[in-house]
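The analysis underlying the following values was restricted to heavy atoms, covering all of them including side chains, and did not include hydrogens, waters or symmetry mates. Just so we're on the same page: letters track the sequence lines, and every chain starts at 1.
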There are 2 protein chains.
Amino acid sequence: MLRAELDAIDIKILRELQRDGRITNVELAERVGISAPPCLRRVRKLEEAGVIEGYHALLNGPRLGFDLVAFCMVGLKRQSDSDLKAFAAKVQQWPLVREAWMVNGDSDFLLRCVAENLTAFQDFVIEVLTADEHVDTVRTMLTIRQVKQLGLVEV
Amino acid sequence: MLRAELDAIDIKILRELQRDGRITNVELAERVGISAPPCLRRVRKLEEAGVIEGYHALLNGPRLGFDLVAFCMVGLKRQSDSDLKAFAAKVQQWPLVREAWMVNGDSDFLLRCVAENLTAFQDFVIEVLTADEHVDTVRTMLTIRQVKQLGLVEV
DNA sequence: GCTGAAAAGCACAACGG
DNA sequence: CCGTTGTGCTTTTCAGC
């Protein structure tokens, strides 16, 4: 199922489900202008096709005691396939790292990190990240505040 | 409602709702070990307190024709409050920019951008971003692949 | 605070246009 | 493809513990 196969109603469905992932099917059907059963069939099809990957609650970090968001640009000592894979595997196990990308340019990885405070983040950078056998360089960017939050996919 | 006010069951609820935002209240109640009505009351309380900010469908970018994810580190010419605010406001209007943070260090803003292809992204960087009156420097990092996706908040 | 029961609303399958 | 119908489950409220 590619984008070209989606019609105007599918696009509306995706827009609404991004906005509110817990909307009821009947309300969704109303909003997109069809009756409930075909609407549900479309949603299931989008899920099965992998266009919709899942539904998730979005939590407020600060209110849960995670006051710090930072990005780390990590360069490895070697960029062989096995080194990249080994580091990517380690990233999975570090709870501070919420998202990670392999990137081109000066660094090899970009990590989005969340921590309770600056001390916890620095401990992670010094004791875990720079201490890692694969890691060569680490540059960090502390965020001051998030200025755009829910960049929904503009389908 | 602060983190200290959350008990073990609230934590379990948050964990489950992050994992599956469309889980039924009955199943959620089973998983966390209480009956459905108090479970729903807890969820509502977490929503009203702003701990749960919302529920959203997660879409597959590549399958919708967005094959490129990139980060832009943007430095402004001036860092006065009005300049920072003016640029933050512009960021809201650019659909390619899905998330944005104000950061410290060499750059002033970090933008997570999504585009259909490299050409569309370069057009945005050259014709929109670097052409902006506030922008001084733009450094981009193209992502090769995402290696960690759903870093749930480990409450 | 939790549990249990009852009413309204919803999801989902089957069938027909 | 969409819509209508019908059944079973879920949500949600209201008592009672």
Considering only [options], which nucleotide approaches the side chain of [X] most closely?
X	options	result
B/Lys45	C/dA11, C/dG1, D/dT12	C/dG1
A/Ile34	D/dT11, C/dC2, D/dG3	D/dG3
B/Pro37	C/dA11, C/dG4, C/dA13	C/dG4
A/Val26	C/dC12, C/dT3, C/dC10	C/dC10

- request: Check for a donor-acceptor pair, side chain of A/Lys148 on one end and backbone N or O of B/Val91 on the other, with a separation under 3.5 Å.
  value: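 Indeed, once roles are kept as given, a pair shorter than 3.5 Å links the two residues.
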- request: Return yes if some donor-acceptor pair links the side-chain N/O of A/Gln79 with the main-chain N/O of A/Leu76 below 3.5 Å, else return no.
  value: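 Here the side-chain-to-backbone pair exists.
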query: How are the rings of B/Phe87 and B/Phe109 set to each other: parallel, tilted or perpendicular (split at 30° and 60°)?
result: tilted
task: For B/Val138 and B/Val135, work out which heavy atoms get closest and say how close.
output: CG2-CG1, 3.5 Å
field: Pairwise 5' ranking along DNA chain C for A/Glu27 and A/Arg41, keeping only the more 5' one
entry: A/Glu27
Value in whole Å for how far the [atom2] atom of [N] lies from [atom1] of [X]:
X	N	atom1	atom2	answer
A/Arg22	D/dT12	CZ	C1'	13 Å
B/Glu47	D/dT12	CD	C1'	14 Å
A/Leu40	D/dG8	CG	P	19 Å
B/Arg42	C/dG1	CZ	C1'	9 Å
A/Ile23	C/dA11	CD1	C1'	14 Å
A/Arg31	C/dC10	CZ	C1'	16 Å
B/Leu28	D/dT12	CG	C1'	15 Å
B/Asn25	D/dT13	CG	C1'	13 Å

task: Report which part of the nucleic acid B/Arg44 touches: base, sugar-phosphate, or nothing (heavy-atom distance under 4.0 Å, all strands).
output: sugar-phosphate
message: What contact category does A/Ser35 fall into here, base, sugar-phosphate, or nothing, at under 4.0 angstrom with non-hydrogen atoms?
response: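 The answer is base, as A/Ser35 lies within the cut-off (heavy atoms under 4.0 Å) of a base atom.
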query: Near A/Lys90 NZ, under 6.0 Å, is it more than 12 heavy atoms from other residues, nucleotides or ligands?
result: yes
